[in-house]
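In each ligand, atom 1 is the first atom listed, and ligand 1 is the first ligand listed.
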Amino acid sequence: MWQGRLGAIALILAAAIFALPLYAPTSDAARDNQVEVYSWWTGPGEEDGLRAMVADFEARNAGVRLVNAAVSGGAGSNAKAILASRLLANDPPDSYQRHAGLELADDVRSGKVQDITSLYEQQGWAKVFPQGLLDKITIEGKLYAVPVNIHRANLIWYNPKTLRALGIARPPSTWAEFLQQAGSIRAAGRTPLTVGPAWTQKHLLETVLLGELGPDGYEELWNGASAWTSPRALGALETFKKVLAQSDIASSAADWQPQMDRVVAGSAVYAVMGDWSYSYLTLTKKLVWQRDFDLAAAPGSGSSYDFLSDAFTLPTGARHPDLARKWLIECGSSAGQDLFNPRKGSIPARTDADEHLYAGYLAADLKQWRDPNTRIVGSLTHGVAADNAWSAEIDTALGLLVQDGDVGKFARTVAAKYRETR
Ligand code: GAL
């Protein structure tokens with residue numbers, strides 16, 4: 001019996017002796033040199049830019065490994081929910097993606113992210129980002145995120161060959177013109193507009209509201225509740241309903257990339273989507289801008305730039321705050337931004353980036369962003385214009401609007417939820 005027990009103890013000891021040096025210390029050491037970065041950039045058109053920046057980060061920080069904790073799903077449709085549960089469980093990644101604007105402000109108010117003003121001072125960043133953008137990441141004089149890019153949401157995409165085949169001279173410059181075109185497009189057996197999951201319908205909604213109400217009317221929606229039930233806003237919502245009725249919503253695309261595929265294939269004529277599609281179409285699909293696909297400002301919104309900005313944070317309780325700061329330095333650097341943005345289909349958040357790197361449509365995008373006559377407004381779907389609580393209520397109301405078509409009820413609900421969520 002004793003022999004048996006001694007044998008068992010010896011086995012346990014031997015296992016412990018072998019196990020300790022093999023696993024515990026080395027894995028701890030390795031873990032200490034890892035930085036976990038959370039985003040929703042996986043898959044075609046999303047991850048190329050991130051990969052380029054990660055490679056540069058690892059080259060500049062010898063021995064540090066970036067753990068890419070990206071969760072797929074356009075506009076963070078899955079990533080944001082998983083992140084919320086991690087933050088609730090006090091298990092934050094070392095840095096996570098957030099949109100500049102009210103989406104980030106929520107995290108600041110609930111203490112989820114740390115003040116990184118000292119990093120801004122150390123890096124001299126206050127001088128290299130536009131003031132309007134700094135305002136969207138500053139709360140009570142303190143800075144909370146590092147913006148890596150600028151995206152434009154209000155674009156309509158099409159295949160010039162499809163327009164030619166249908167005898168359509170140009171993409172619509174108003175939503176009324178779109179609805180006129182839609183009749184003949186349907187008669188020719190094609191779908192006028194392709195949509196994807198709920199977030200793409202919300203993206204379409206904000207684009208129609210901007211096109212119909214103009215930038216002032218659009219901004220009034222986010223600055224108070226009253227504008228929603230005005231006759232003009234109700235009219236714009238009616239237009240949205242008509243536009244949606246011309247879409248493939250009954251058999252909608254799985255995400256934004258499949259929406260683009262339908263446009264390229266010609267089964268659908270138009271899609272409304274942000275400039276990230278440019279990277280997908282040119283780099284992933286190897287298509288040629290203005291030959292295989294083209295884009296224009298979404299109907300009625302030519303002089304407006306519906307902007308959003310992806311930014312990275314330093315969460316409260318991050319396990320590797322020093323490495324996270326190094327990642328943020330990469331995100332805010334010219335080198336990082338100029339590696340990331342040409343591949344992401346976005347333009348740099350920094351004002352001093354090398355504009356020669358932005359070719360094709362991205363050159364025009366950069367020009368428009370910097371044009372003093374351009375009117376910049378903030379995106380609803382991508383976190384600028386509405387805080388998370390109200391935005392989630394708009395999601396629910398929009399889901400019902402898509403089902404029952406009751407625009408009056410939608411407007412009243414959205415206005416009431418604005419007041420309730422203050
Ligand atoms: C946005 C994000 C973009 C792009 C897009 C599609 O919310 O800011 O960078 O990833 O979603 O997923």
**Student:** Should the pair R370-E355 be classified as a salt bridge under the 4.0 Å nitrogen-to-oxygen rule?
**Tutor:**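 A salt bridge is present here (some side-chain N lies under 4.0 Å from a carboxylate O).
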**Student:** I'd like to know whether NZ of K326 has more than 12 heavy-atom contacts from other residues, nucleotides or ligands below 6.0 angstrom.
**Tutor:**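 No, the 6.0 Å shell around NZ holds no more than 12 heavy atoms from other groups.
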**Student:** Which residues satisfy the salt bridge (Lys or Arg N to Asp or Glu O under 4.0 Å) test with R319, sequence neighbours excluded?
**Tutor:**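 R319 satisfies salt bridge (Lys or Arg N to Asp or Glu O under 4.0 Å) with D91 once adjacent residues are dropped.
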**Student:** Mind checking what makes side-chain hydrogen bond (donor to acceptor under 3.5 Å, both in side chains) contact with R51, not counting sequence neighbours?
**Tutor:**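 Applying side-chain hydrogen bond (donor to acceptor under 3.5 Å, both in side chains) to R51 gives E47.
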**Student:** Is D292 salt-bridged to K161, cutoff N-O under 4.0 Å?
**Tutor:**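 Salt bridge: yes.
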**Student:** With sequence neighbours excluded, what pairs up with R325 under the side-chain hydrogen bond (donor to acceptor under 3.5 Å, both in side chains) test?
**Tutor:**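 With sequence neighbours excluded, R325 shows a side-chain hydrogen bond (donor to acceptor under 3.5 Å, both in side chains) to D322, given in chain and number order.
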**Student:** Show me, by chain and number, every protein residue that has a heavy-atom distance under 4.0 Å to ligand 1.
**Tutor:**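 Contacting ligand 1 under 4.0 Å are W40, W41, E46, G74, A75, H99, H151, W256, W276, L308, D310, K344, H382.
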